[in-house]
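The structure appears below as structure tokens.
Numbered from 1 within each chain, the chains take letters A, B, ... in sequence-line order.
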There are 2 protein chains.
Amino acid sequence: MEKRKRTTIADIAKLAGVSKTTASMVLNGRASTFRIKEETRLRVLEVARENHYSPNVHAKSLQASRSDAIGLVIPDLTNFGFASIARELERLCRESGLQLLIACSEDDPAVEKKAVEGLVRRQVDALIVASSETGDEYYQSLTKQLPVIQLDRHIGQSVLPLVLTDAARATADLIESIAKEGLSEFYYFGGQLELSPSRHRLAGFELGLKRAGIETKPEWIRHRDYQTASGYLMMQSLHQDLGRLPQALFTASYTLLEGVLRYLKDHECLNALVDKEMRLATFDNHDLLDCLPLNIDSIAQNNQQLAKTCFELTLSLINEKSPAISSVVLDADIFWRSKK
Amino acid sequence: MEKRKRTTIADIAKLAGVSKTTASMVLNGRASTFRIKEETRLRVLEVARENHYSPNVHAKSLQASRSDAIGLVIPDLTNFGFASIARELERLCRESGLQLLIACSEDDPAVEKKAVEGLVRRQVDALIVASSETGDEYYQSLTKQLPVIQLDRHIGQSVLPLVLTDAARATADLIESIAKEGLSEFYYFGGQLELSPSRHRLAGFELGLKRAGIETKPEWIRHRDYQTASGYLMMQSLHQDLGRLPQALFTASYTLLEGVLRYLKDHECLNALVDKEMRLATFDNHDLLDCLPLNIDSIAQNNQQLAKTCFELTLSLINEKSPAISSVVLDADIFWRSKK
DNA sequence: ATGAAAGCGCTAACAA
DNA sequence: TTGTTAGCGCTTTCAT
């Protein structure tokens, strides 16, 4: 594995019998601007091709103090929603000649900080964060060095640019509609209330019940974190508390739903869903829900739109065109699987 | 958004009243090696902290001609298997102070080439590829510049370092066991035969049947690509061909399984699975399969092990310690859900 | 129409 | 024990 020294612009210049300047101009497609002779231009291009010349981004970044890279921090790459967003952002970056640097926080503020520091040291031109922090002091101070964009999650009351989904509205609509079918109870399993999406989802849930004329009982609302295991545990304790399955349950995330399903499967209760004796709905969508006989309604964020909006906002911040709007809230969609 | 000029080592040196060299030594923790006075060391460190000094990786990379970054090319970030591998590799890199650069090929050789070129321009120290190419000429030529490791997919007959799962063995065991339950037919839906995993999975399938004393009929084997839509279409045409559901079906990927399930759901045939009138098994595992009443057996790659092995191999190649072994084949696990 | 030289931030010889 | 200097590959004035 002998590492061949890469060919540099100096090599090309020498081989083509021109100066570095001329070679640089030609290779950056600005030959006409500098009225380089066509013959010279072709010669340089030819030499470059023959020698597989590829510019060194570090040299370029060093001198331009730009990296043409964007940092993305998300909790977990295997979470389908974040994976979708990451995929879309990666595609947009790739097609614009940028590189997306993805780092995971594992939903741990300490890990998140480490991850961000790594990205900042790599001089990313901007930072997109789905944060697990509750305060934005750190990001606020970072913003002096580079643009920071909040994605999917609002960090405390931060006024940094923000792109997220209006979870409350779709949740309220979904809950109201189900509740009006004539329920006398509706349980809610959620994650950490410190995270902004948790609050919005819960607010939507309570609003939906209210609109359906139902008063929320405190014992209906249960919280842990977004781990699948938490969904399992909450379902277990609910089942024990009641001595039966609940009439209806809303899980605030796909991971929690999975925990609930696992419990039901382990205890051979899935039939209650098939027969619609128990109503189950969830935030977050998953393609597989379409393929199941379980009648689980869901709320889907528009991840593609989220990514696109976020990307465009990021680009405009990088170019210091202070954009018309710096915060965008998108609608979520409801996927009905219990009806019709 | 006024971009503050970042503090450099020269700033630190000046503020601390020392030379750049001294500051550099101290900041790289090599003060003792150069016998820098403790007092000086502390002063430099203090100044650096006060000014939020963070070294510029581009300058460092330029001079060291290393980037402390590793490139990863996978077909799709939302594919659960690849996402798991990416997550694990990202974690390993992060904990070693490296940055993982992830790019997607969308299973298109042209896109893949573009993606790789982008990573190479960024001077990644090594490249890990789950390729959709059928020949390795390109990667073979790249290997003169940097180590290239094949992950999960064998590129043609390439002799480049390789880490993958022995799909054939587990598949054969699974198929044999199911077939011996007394089946007279067993269908197979696969993806592009040009991709090495496809061949291994099919070989395992045929071996399994053979061991069960069943002769494979050509019409049992069907191929398209790994799109979910292809699973749907293959199921549709099979259903029409037979005028009934098959006794047993093996899908060579999770995406194909999803297409099959979607077809069955659309045509209200899922009960056949619940009642075990139709046997369904798949390559690739998914947590949700544990939560369903569908009795779908699956084969799981050990993604964590795959990532770990690949990472270690990569590190040793970067350090030019030619490793003892340059190819690793790992076992897959069978998850039974139809038995017991 | 082309070239020489400086400088981006950093490390490593080599001096002192 | 610390400082001076050159050079990594590139772009960009400023000359010519």
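Atom NZ in Lys60(B) sits roughly 18 Å away from atom P in dG9(D) (whole-Å rounding). Spacing between atom NE2 of His58(B) and atom P of dT11(C) amounts to 14 Å, rounded to whole angstrom units. If you take CG of Leu27(B) and C1' of dC10(C), they are 11 Å apart, rounded to a whole angstrom. In this structure, Asn56(A) places its CG atom 8 Å from C1' of dC8(D), rounding to the nearest Å. dC8(D) atom C1' lies 7 Å from atom CD of Gln63(B), rounded to whole Å. The distance between atom CD1 of Ile9(A) and atom P of dT11(D), rounded to the nearest whole Å, is 5 Å. Separating the CD1 atom of Ile12(B) from the C1' atom of dC10(C) is a distance of 13 Å, rounded to the nearest angstrom. Separating the CG atom of Asn28(B) from the P atom of dA12(C) is a distance of 8 Å, rounded to the nearest angstrom.
For Arg30(B) and dA12(C), the shortest distance from a side-chain N or O to OP1 or OP2 is below 4.0 Å. Checking the phosphate oxygens (OP1, OP2) of dG3(C), a side-chain nitrogen or oxygen of Thr22(A) falls inside 4.0 Å. An OP1 or OP2 oxygen of dT11(C) is reached within less than 4.0 angstrom by no side-chain nitrogen or oxygen of Lys20(B). Here Thr8(B) does not reach the OP1 or OP2 of dG9(C): none of its side-chain N or O atoms lies under 4.0 Å away.
Residue-level contact check: Leu62(B) touches the bases, meaning some heavy atom is under 4.0 Å from a base atom. Contact annotation for Arg66(A): no contact, since no heavy-atom pair falls under 4.0 Å across all strands. As judged by a 4.0 angstrom heavy-atom cut-off over every strand, Thr21(A) is placed among the base-contacting residues. Residue-level contact check: Thr40(A) touches the backbone only, with heavy atoms under 4.0 Å from sugar-phosphate atoms and none from bases.
Between Arg87(B) and Glu90(B) there is no salt bridge, since none of the side-chain N atoms of the basic residue sits less than 4.0 Å from a carboxylate O of the acidic one.
Here the straight-line distance linking atom CG of Asp107(B) with atom CD of Glu133(B) works out to 11.0 Å at 0.5 Å rounding.
A distance-only check finds a donor-acceptor pair linking the side chain of Thr8(B) to the backbone of Ala10(B) [under 3.5 Å]. In this structure, Ser61(B) contributes its side chain and Arg66(B) its backbone to a donor-acceptor pair below 3.5 Å.
With DNA chain D read from its 5' end, the first of the two nearest nucleotides for Gly17(B) and Ala59(B) is the one closest to Gly17(B).
Closest to the Tyr53(B) side chain, of the nucleotides dC10(C), dT4(D), dT2(C), is dC10(C).
Atom CD of Gln140(B) has more than 12 neighbouring heavy atoms from other residues, nucleotides or ligands inside a 6.0 Å radius.
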